[in-house]
Amino acid sequence: MEPRRRPARHEAVKPPPEATHARIHAAVARIPRGRVATYGQIAALAGLPGQARLVGYALHALPAATGVPWQRVVNARGEVSRRSDPGGHEALQRVILEHEGVRFDARGRIPLARFQWRPRGRPRRGP
DNA sequence: ATGCTGACTATGT
DNA sequence: TACATAGCCAGCA
């Protein structure tokens, strides 16, 4: 481990990006197998409401083999988002998800009504 | 410092 | 349902 540089007094007033990424990774890590969550959902869970794009950034910056289930994050339409990076594992994402039991419809989208993870999945007793 | 881009989303046509 | 726009913020030229 490399010793971490302590921020000078005039900087680091706001939470470092690293912490933001860590929060996002932690939120993604909570998604159970066989379920998916949207970028916006993860942002809110990480305490960054409305910052869905940052989730995409954090995952893009995520090194491989970290154990974070990045493949379980999809966009609000239930589809695997397009990468700008040609080497993106966009196709792999779908393969992994299907292997985990997530199903895609004919349009290549995941029925969120059925596969979206619901942290609050409280058992409601009908009205 | 400024301007653009991007693994996004909500809203309006 | 599909497309266009505005809002959001971090990274990079």
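Protein chains get the first letters and strands the later ones, always in sequence-line order, with residue 1 at the start of each. No hydrogens, no waters, no symmetry mates; every other heavy atom, side chains included, goes into these values.
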(message) Please check this pair: side chain of A:R109 against backbone of A:G78, looking for a donor-acceptor N/O pair closer than 3.5 Å.
(response)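 No; zero donor-acceptor contacts below 3.5 Å.
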
(request) Using modelled atom types only, decide if a donor and an acceptor are shared between the side chain of A:Q41 and the backbone of A:W117 within a distance under 3.5 Å. (result)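 Indeed, once roles are kept as given, a pair shorter than 3.5 Å links the two residues.
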
(message) Which residue is it: A:Q71, A:R103, A:R35? I am looking for the one with a side chain to side chain contact (heavy atoms under 4.5 Å, CB included) to A:L97.
(response)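 Result for side chain to side chain contact (heavy atoms under 4.5 Å, CB included) with A:L97: A:Q71.
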
To the nearest Å, give me how far apart [atom1] ([X]) and [atom2] ([N]) are.
{"X": "A:L48", "N": "B:dT9", "atom1": "CG", "atom2": "C1'", "result": "15 Å"}
{"X": "A:Y39", "N": "C:dA10", "atom1": "OH", "atom2": "C1'", "result": "16 Å"}
{"X": "A:I24", "N": "B:dG6", "atom1": "CD1", "atom2": "C1'", "result": "14 Å"}
{"X": "A:R23", "N": "C:dC9", "atom1": "CZ", "atom2": "P", "result": "15 Å"}
{"X": "A:I42", "N": "B:dC8", "atom1": "CD1", "atom2": "C1'", "result": "13 Å"}
{"X": "A:L92", "N": "B:dA7", "atom1": "CG", "atom2": "C1'", "result": "14 Å"}
{"X": "A:L59", "N": "C:dA10", "atom1": "CG", "atom2": "C1'", "result": "14 Å"}
{"X": "A:Q51", "N": "B:dA10", "atom1": "CD", "atom2": "P", "result": "14 Å"}

(message) So, does A:S84 get its side chain near the phosphate of B:dT5, meaning an N or O under 4.0 Å from OP1 or OP2?
(response)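 For A:S84, the contact criterion (side-chain N or O under 4.0 Å from OP1 or OP2 of B:dT5) is not met.
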
(request) Look at A:S81 and B:dC8 and indicate whether a side-chain polar atom (N or O) is within less than 4.0 Å of OP1 or OP2. (result) yes

(request) Compare the minimum distances between each of B:dA7, B:dC8, C:dA10 and the side chain of A:A52, then state the nucleotide with the smallest one. (result) B:dC8

(request) State which of B:dC8, C:dA2, C:dC9 makes the closest approach to the side chain of A:R109. (result)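 So the nucleotide nearest the side chain must be C:dA2.
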
(request) Identify whether any heavy atom of A:R94 sits under 4.0 Å from a base atom; if not, whether one sits that close to sugar-phosphate; answer base, sugar-phosphate or nothing. (result)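 Result for A:R94 = nothing.
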
(message) Between A:R107 and A:E79, does any side-chain N to carboxylate O distance fall below 4.0 Å?
(response)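 No, A:R107 and A:E79 are not salt-bridged.
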
(request) Specify the closest pair of heavy atoms between A:N75 and A:T38, including all atoms of both residues, with the distance to one decimal. (result)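 Heavy atoms only, the tightest pair is O-CG2, 3.9 Å.
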
(request) Record whether the side chain of A:R53 comes under 3.5 Å of the base of C:dG11 through a donor-acceptor pair of N or O atoms. (result) no

(request) Assign each of A:Y57 and A:T38 to its nearest nucleotide of DNA chain B by heavy atoms, then name whichever residue's nucleotide is nearer the 5' end. (result) A:Y57

